[in-house]
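Here is the structure we will look at.
Just so you know, ligand 1 is whichever comes first in the structure, and atom 1 is the first atom listed for that ligand. When a residue number appears, it is its place in the shown sequence, counting from 1. All values below were derived from every heavy atom in this structure, side-chain atoms included, with hydrogens, water molecules and symmetry-related copies excluded. As the structure is a prediction and not an experimental result, all values here were calculated from the model.
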Amino acid sequence: MFSFDLLAKEGEARAGKLVTPHGPIQTPSFVAVGTQATVKAVSVEDLRKIGSQVIITNAYHLHLQPGEDLIEMMGGLHRFMAWEGPLMTDSGGFQIFSQGAGKEHGVGKIAPIFPEEKDRGRHFSSKKGKPLVRVDEDGVDFISYLDGSPHRFTPERVIEIERKFGADIILVLDECTSPLHDYHYTRAAMERTHRWAVRALEEFRRTPDNSQALFGIVQGGAYRDLRQESTRFIADQGFDGYAIGGSLGRSKEQMYEVLEWTVPLLPQDKPRHLLGIGDIEDILEVVKRGIDLFDCVAPTRMGRTGTLFSKEAERFRIHIPNAQFKDDPRPIDEGCNCYTCCNYSRAYLRHLFLAKEPSAIRLATIHNLYFLESLMGQIRAAIREKRLAELGMEWGSVV
Ligand SMILES: [Zn+2]
């Protein structure tokens with residue numbers, strides 16, 4: 001029920017087709033973030049019109065609320081959220097360990113330069129004096145940010161939870177480290193993650209269900225030898241695909257370096273997912289380094305604050321509440337064919353944001369997601385036609 005075919009290559013960049021039981025994904029593909037079994041502010045009907053191919057939800061959040069048993073009883077995650085396309089579930093390792101790292105270091109696991117950090121980590125900074133996360137060889141104990149109730153995840157338990165959700169692609173439990181963890185701790189966490197990966201795969205194979213594929217996660221922080229060791233180990237296990245997770249360093253340059261150490265050691269014939277990238281400027285850079293799938297909260301999160309993608313603007317974004325758009329009759333982006341740009345002016349959207357109308361957020365999110373999907377379509381075509389460098393110049397790429 002799963003297959004992955006490479007259709008074209010240009011340098012390390014790949015164009016491919018990942019087939020899942022709920023339909024194909026043309027890669028490289030953006031994965032829309034739907035943490036709580038919804039992409040914030042838009043409906044699945046909106047997503048279909050936008051051209052979204054795949055959504056990633058979060059096993060940790062959905063385990064805490066409403067729980068895997070309820071979702072299973074309601075017919076599984078696809079039916080529960082009325083999304084008939086491909087679905088992924090992240091294991092929640094990132095969220096659990098953000099809690100611990102935030103406590104220990106007063107920061108999250110990725111340096112603040114990565115904007116998704118604040119959004120993902122914000123639940124975990126309070127409750128002084130109480131240990132929020134405790135890891136041991138067998139698994140991890142953590143406290144619910146909703147009601148303070150105690151929970152325990154083990155590699156086997158997370159597979160069991162993700163089986164109940166029933167997403168097409170599921171991820172193993174991993175231990176994420178902070179960029180402030182030293183080499184010694186990062187190594188110990190990586191080795192534990194490896195043992196957990198083996199256990200997760202055993203559990204996955206013990207409960208066969210060919211409607212799901214399991215991705216392993218490479219760890220190792222921003223240390224070259226650890227990343228390479230982790231990649232070799234995880235690649236040797238024979239997962240259906242590979243995700244690159246954990247601390248990607250303190251800067252974008254370090255993130256690109258981590259990819260350059262890691263991606264060439266992954267099998268060519270399996271998809272690679274980069275967990276959580278920050279900005280539209282990163283997309284071409286990670287695709288060039290051989291990434292097939294990536295999730296990114298930028299389009300939805302920025303949309304909610306009125307920051308809208310526009311090709312001609314500085315850093316590809318405008319802040320629509322600004323006074324300069326007060327009487328601007330143009331669409332957000334002249335080249336965009338989304339529902340919002342086809343119908344509404346910048347002046348109207350600015351008015352909706354200032355009036356705090358909920359429709360502002362929906363229209364902004366539709367535009368940002370469509371803009372990104374349109375960029376991904378251009379990237380896939382460029383790889384097939386071997387003109388990715390040209391497209392990079394058009395988008396002001398520095399590499
Ligand atoms: Zn638009």
Side-chain angles (χ1 to χ4, degrees), residues 25-34 38-56 83 85 115-116 119 277-284 286-287 294-382 391-397:
I25 304 166
Q26 304 297 332
T27 63
S29 176
F30 164 64
V31 181
V33 178
T38 178
V39 176
K40 289 191 194 308
V42 292
S43 66
V44 290
E45 184 59 23
D46 291 332
L47 292 171
R48 282 186 211 107
K49 288 181 181 158
I50 286 162
S52 298
Q53 300 193 87
V54 47
I55 300 172
I56 186 163
W83 171 255
E116 75 270 22
D119 207 31
I277 67 165
D279 282 324
I280 202 154
E281 301 95 289
D282 299 336
I283 292 170
L284 271 160
V286 306
V287 165
F294 61 90
D295 60 280
C296 177
V297 295
T300 40
R301 193 200 55 227
M302 287 164 65
R304 294 199 293 282
T305 59
T307 300
L308 307 175
F309 295 146
S310 187
K311 194 174 172 187
E312 302 310 323
E314 199 188 336
R315 294 194 69 208
F316 312 116
R317 62 186 70 167
I318 62 172
H319 189 61
I320 201 74
N322 287 352
Q324 71 187 100
F325 304 116
K326 186 180 172 202
D327 55 0
D328 192 335
R330 293 174 296 169
I332 304 162
D333 182 272
E334 307 263 20
C336 181
N337 294 314
C338 82
Y339 170 75
T340 306
C341 289
C342 287
N343 290 284
Y344 303 106
S345 63
R346 291 174 173 186
Y348 181 68
L349 289 163
R350 176 174 185 271
H351 156 69
L352 293 182
F353 268 99
L354 293 187
K356 298 192 173 16
E357 283 295 325
S359 60
I361 293 174
R362 173 170 173 260
L363 294 175
T365 304
I366 288 175
H367 165 77
N368 277 0
L369 288 171
Y370 186 99
F371 186 90
L372 213 146
E373 290 295 348
S374 157
L375 172 60
M376 295 316 296
Q378 292 172 47
I379 289 174
R380 289 190 291 271
L391 187 72
M393 304 247 288
E394 199 186 313
W395 283 84
S397 168

> Is the Zn ion (ligand 1) less than 2.8 Å from an N/O/S atom of C342, whether that atom is in the backbone or a side chain?
Replying inline: no
>> Among the N/O/S atoms of H367, which is closest to the Zn ion (ligand 1)? Give the atom name.
In response: ND1
> Would you say K311 has more than 12 foreign heavy atoms packed within less than 6.0 Å of its NZ?
Replying inline: yes
> Where do Y370 and Y339 land on the side chain to side chain contact (heavy atoms under 4.5 Å, CB included) test, with the steps shown first?
Replying inline: CA-CA 9 Å; Y370 186 99; Y339 170 75; over 6 Å; no
> Tell me, do L308 and N368 make a side-chain contact under 4.5 Å, heavy atoms counted?
Replying inline: yes
> With the threshold set at 4.0 Å, does a side-chain nitrogen-carboxylate oxygen contact exist between D279 and R317?
Replying inline: yes
> At the Zn ion (ligand 1), what angle lies between atom SG of C341 and atom SG of C336, rounded to 10 degrees?
Replying inline: 110°
